[in-house]
Undergrad: 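Sharing a structure, written as structure tokens. Questions coming.
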Amino acid sequence: MELLNTLNEKQREAAAHDKGPILVIAGAGTGKTRVLTHRIANLIGTNKAMPWEILAITFTNKAANEMKERISQLIDYSVDKMWIGTFHSICVRILRRDIDRIGYDRNFIIYDTSDQKTLIKDCIKELDLDVKKYNSNVIKSIISNEKNNRVNPDKFTSEHYGSFYHRNVGDVYALYEKKLKLANALDFDDLLIKALELLEREQDVRDSYQERFKYILVDEYQDTNNIQYNLVKILGKKKGGENNVFVVGDDDQSIYGWRGADITNILNFENDFEGAKTVKLEKNYRSTNVILSAANGVIKNNSQRKGKNLYTDFQDGNLIRIFEMDNEKDEAFTVASLMKKENRDNHVEYSDMAVLYRTNAQSRALEEGLIREGIPYKIVGGQKFYERKEIKDLVAYLMLIYNQKDGLSLDRIINVPKRKIGARTIEILTECANENGISMFEACFEASELGLTPSASKSIGDFVSMMEMLMIKKEVMPVSEFIQAVWEDTGYKNMLMEDDTIEGRSRVDNVDEFLSAAKDFEERYEENTLEDFLAHISLLADVDKTEEKVDCVTLMTVHAAKGLEYDTVFITGLEEGIFPIIHQDEESDDDIEEERRLFYVAITRAKRMLYITHANDRMRFGNHEMKSKSRFLKEIPKECIEEENPLAFAAKKLEMMDEAFGGFRSSDGSTRKKPSFVKDTFFKGSSTYEEDKKPRLKSDSIEAGDRIMHKAWGEGTVVQLKKDGSTTIAVIAFENKGIKNVILGYAPIEKIQ
DNA sequence: TGCGTGCGGCTTTTT
DNA sequence: GCCGCACGCA
């Protein structure tokens, strides 16, 4: 029991809980992970459960790894035998064992969101529907919704028979399902749905898991959807009637409603699980009193909540500073300047600061501001690594080799690199496949019978033999070596190597990164076949990537920030229409409540200092939009705020310019009416700056091949110089940062050697 | 079959 | 303001 001595009373009450269902409402920063890990350690330490009798479900793989690590610090047992993972990865594990019981091959593959979209587009085209009226994104979300409510295509069509549009959507849905099945593929939703189906239909499978998992723990319960709820319920059911489900969550941090998460799961837990106990954790160990009061003040405006109030023993701390800015460029500049100031005056490390925003699109302006100020940064999210073309192509080869029924992957790579297999040839193959009920790959074997031109027929023959050779290699090589073989044998490497542009090179870099990820995977896991690797990468989210610990600030969406904490946090874009985001003039109370929770999540990321900005004018879709400040700002209690009024701020801005640039002053002191003065008089080549301070590199002082030193990114080599009007852009290959474009004259670089 | 151009939609958030 | 796609030309 001494294990639990380091916990506070409430935490201990939760962690010491033994049998029966329990809901732990854990506010932000109240030690949720501590409770989870201590409970698991305690169950094992007191011999209540063996490691393999524990099932712990988290929201991200990163959280799962963290949990494993922290448990192994608490006890001597190996955590390898415990099932700790996301719903998706746990379900994959269950399905790999027994999915053949419900009519799939065990070597199924997983289609990610973009595969899904491609497949839906194929269906729309195949049904001769108007691509413009039948938007693949819209249909994707309809299908996903219906699937998660367990409505199959037939049911969907009969329920919506009155609508021509929905009848057609029903057809797309049906065809989509057929194609998935034919390819022996599952989409993200299927992973959960099929696992549930398997458990429901096959009694012995169900029994074996129900017996095995004596204790089930679910993190982030507020973000579970209908299917996940049912999975928890079915796995938690025990023979003796007891239901050892331990769920942890915070109704105030439910921010995935748009993805089907159902906040009523957590709100109704006590009704759903008979005899459930509830423990509330409200003591916060993260933030100052001011920050917590602000968070409490905001969230109390929501009606759909259980109600709680975070408190702390910490001091009041600094007031929250809110900045009204002219536009997003000023916003970015201000954030950058404040960061410098925090770093210099308060010795806050850059790695202890984060900039949060509502949409990924906002990152660009911020990024530019940081680059100009020479502040090192990293962006979480945005274009995801495994969604890059070159990576998807290579993965398509792997998927096809692993599962030849995968038509989507075949389609993707049959002519990449170019093999003289054109649209017409592919069309004939597709027809052959459809007519004979075989896969595209099998149809390739019939190529000689299909009346193709001799050259097309030969091209296909070559392609097939190449693939067959790779299938043999797959059997004898370790994964990383095999991927290397695919990369070379398919001609993909040569194709990329020939492309000597910046993009081409960065693609090669990405593949290198992919190869080393494969190597790493192989060394790290015992189960490291191609199958394991494919499952691993298709379930990886961007937040899961373990970041190297360099001293740089982090930029990300509020969603991506959930579960993280920083000394100093900047929340940007607090404008009506952006945060809360409003979609197509529709706003329901539920949506606003979810936005408010999102803002609550953002506020509670900050430990010591919180800055909030909003702009009056923001560029969106390429045009200017006037913005009024977010309603949420009025919900922050007045006494928590130090508002920077615009006029006072104009002076402050000059002051900051002074600090940042060493004495530079605009000739026009009253610059409020000219919002972009920063850019006009300064960044576009006013010479004042260069006179005042050590000049930064100009275009004539540098050439391709020169070695340079960048303030933030370290050493690099100039690859190319590009003229863009009056400015010159240097393309620089940095040793650790990859290839970057910098503006000469502004970028903090110096020539070395 | 490959490449260039012009148009339209997109921006919520992600396992 | 950018990306992806469709279409048209060589």
Side-chain angles (χ1 to χ4, degrees), chain A residues 57-64 85-92 110-114 116-118 121 125 131-132 135-138 140-141 144 148 186-193 219-220 223-225 227-228 253-261 328 356-365 368 380-384 386-387 389 415-426 453 455-456 459 535-544 556-562 573 577-584 586-587 591 594-595 597-599 601-602 618-625:
Chain A
I57 305 173
T58 59
F59 197 64
T60 62
N61 293 299
K62 192 179 166 195
T86 60
F87 272 104
H88 292 83
S89 66
I90 301 278
C91 287
V92 168
I110 302 165
Y111 279 171
D112 68 16
T113 315
S114 76
Q116 205 183 351
K117 218 172 118 180
T118 312
K121 275 189 192 161
K125 280 183 203 151
V131 194
K132 294 203 175 86
N135 176 298
S136 61
N137 276 324
V138 173
K140 181 168 69 99
S141 74
S144 176
N148 281 307
L186 303 186
D187 63 22
F188 280 144
D189 296 325
D190 285 336
L191 294 177
L192 308 183
I193 294 165
D219 194 8
E220 309 279 14
D223 288 327
T224 50
N225 66 21
I227 303 289
Q228 290 163 338
Q253 293 188 68
S254 165
I255 55 175
Y256 285 95
W258 52 274
R259 198 169 84 184
E328 75 278 1
L356 309 183
Y357 35 80
R358 181 63 183 82
T359 68
N360 276 309
Q362 289 163 252
S363 69
R364 180 176 243 107
E368 279 167 18
V380 177
Q383 160 82 306
K384 291 179 197 58
Y386 288 100
E387 279 171 19
K389 186 183 179 306
N415 202 32
V416 182
K418 302 267 179 285
R419 298 191 174 90
K420 303 206 166 120
I421 301 173
R424 180 63 196 138
T425 308
I426 292 170
T453 62
S455 84
S459 303
H536 174 76
I537 59 176
S538 47
L539 296 179
L540 262 192
D542 221 53
V543 280
D544 296 332
M556 65 193 141
T557 63
V558 182
H559 282 89
K562 190 162 83 157
I578 299 275
F579 203 165
I581 202 156
I582 288 157
H583 210 213
Q584 289 168 352
E586 277 180 67
E587 75 171 85
D591 292 343
E594 180 149 321
E595 292 295 312
R597 290 193 291 268
L598 200 51
F599 186 45
V601 168
R618 186 175 293 277
M619 195 74 131
R620 255 180 118 209
F621 303 122
N623 37 33
H624 290 275
E625 283 180 18

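Predicted model only: the values in this text are computed from it and were never measured. In what follows, every chain begins at residue 1, and chains take the letters A, B, ... in the order their sequences are listed.
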Undergrad: Please tell me if Lys117(A) has a side-chain N or O lying less than 4.0 Å from either OP1 or OP2 of dC5(C).
TA: no
Undergrad: Atom CG of Asn137(A) to atom C1' of dG8(B): distance rounded to whole Å?
TA: 14 Å
Undergrad: In this structure, how many angstroms lie between the C1' atom of dG4(C) and the CG atom of Asn135(A), rounded?
TA: 13 Å
Undergrad: Does Ile227(A) reach a base, just sugar-phosphate, or nothing at all? Heavy atoms under 4.0 Å.
TA: nothing
Undergrad: Nearest whole angstrom, please: distance from the P of dT15(B) to the CG of Asn148(A).
TA: 16 Å
Undergrad: Which of the following nucleotides, dC2(C), dG2(B), dT11(B), is nearest to the side chain of Lys418(A)?
TA: dG2(B)
Undergrad: Please state whether the base of dT15(B) and the side chain of Thr113(A) form at least one donor-acceptor pair under 3.5 Å?
TA: yes
Undergrad: What's the closest nucleotide to the side chain of Asn360(A) if the choices are dA6(C), dG2(B), dT13(B)?
TA: dT13(B)
Undergrad: Using whole Å, what does the distance between atom P of nucleotide dT1(B) and atom CZ of Arg424(A) come to?
TA: 10 Å
Undergrad: Mind checking the CD1-CZ spacing from Ile578(A) to Arg618(A)? Nearest 0.5 Å is all I need.
TA: 5.5 Å
Undergrad: Which one, dT13(B), dT14(B), dC10(B), comes nearest to the side chain of Arg259(A)?
TA: dT14(B)
Undergrad: Asn623(A) has an atom CG; how far is it from atom P of dG9(B), in whole Å?
TA: 15 Å
Undergrad: With rounding to the nearest 0.5 Å, note down the distance linking CZ in Phe59(A) to OG1 in Thr86(A).
TA: 9.5 Å
Undergrad: Take atom P in dT13(B) and the same atom in dG4(C), then report the distance between them in whole Å.
TA: 15 Å
Undergrad: Among dT14(B), dC10(B), dG2(B), which nucleotide has an atom closest to any side-chain atom of Trp258(A)?
TA: dT14(B)
Undergrad: Of all the choices, dT13(B), dC2(C), dG1(C), which nucleotide is nearest to the side chain of Thr557(A) once you look at every atom?
TA: dT13(B)
Undergrad: With a 4.0 Å limit, can you tell me whether Asn225(A) has a side-chain N or O closer than that to the phosphate oxygens OP1/OP2 of dT15(B)?
TA: no
Undergrad: Just one of Arg259(A), Arg597(A), Lys562(A) clears the salt bridge (Lys or Arg N to Asp or Glu O under 4.0 Å) bar with Asp223(A), so which one?
TA: Lys562(A)
Undergrad: What's the closest nucleotide to the His559(A) side chain, out of dT14(B), dC2(C), dT15(B)?
TA: dT14(B)
Undergrad: Roughly, in whole Å, what's the span from OH in Tyr357(A) to C1' in dT11(B)?
TA: 13 Å
Undergrad: How many Å lie between CD1 on Ile581(A) and P on dT11(B), as a whole number?
TA: 10 Å
Undergrad: Give one of base, sugar-phosphate or nothing for Asp112(A), where a contact means two heavy atoms less than 4.0 Å apart.
TA: nothing
Undergrad: From the set dA6(C), dT14(B), dT11(B), return the single nucleotide nearest to any side-chain atom of Lys125(A).
TA: dA6(C)
Undergrad: From the options dT14(B), dA6(C), dT15(B), select the nucleotide whose nearest atom is closest to the side chain of Phe188(A).
TA: dT15(B)
Undergrad: Are Phe579(A) and Gln362(A) packed together at the side-chain level, in the sense that at least one heavy-atom pair is separated by less than 4.5 angstrom?
TA: no
Undergrad: Which residue lies toward the 5' end of DNA chain B, Ile255(A) or Thr425(A), if each is placed at its nearest nucleotide?
TA: Thr425(A)
Undergrad: Would you say Lys389(A) places a side-chain N or O within less than 4.0 Å of OP1 or OP2 belonging to dG4(C)?
TA: no
Undergrad: In Å and rounded to the nearest 0.5 Å, what is the SG to CD distance from Cys91(A) to Gln228(A)?
TA: 8.0 Å
Undergrad: Students often get this wrong, so: under 4.0 angstrom with heavy atoms, is Lys562(A) touching a base, only sugar-phosphate, or nothing?
TA: nothing
Undergrad: Would you say that Asn623(A) contacts Phe621(A) through its side chain, given a criterion of any heavy-atom pair below 4.5 Å between the two side chains?
TA: yes
Undergrad: Calculate the interatomic distance between Glu595(A) atom CD and dT13(B) atom P; express it in whole Å.
TA: 11 Å
Undergrad: Select base, sugar-phosphate, or nothing to describe what Tyr256(A) touches, counting heavy atoms under 4.0 Å on all strands.
TA: sugar-phosphate
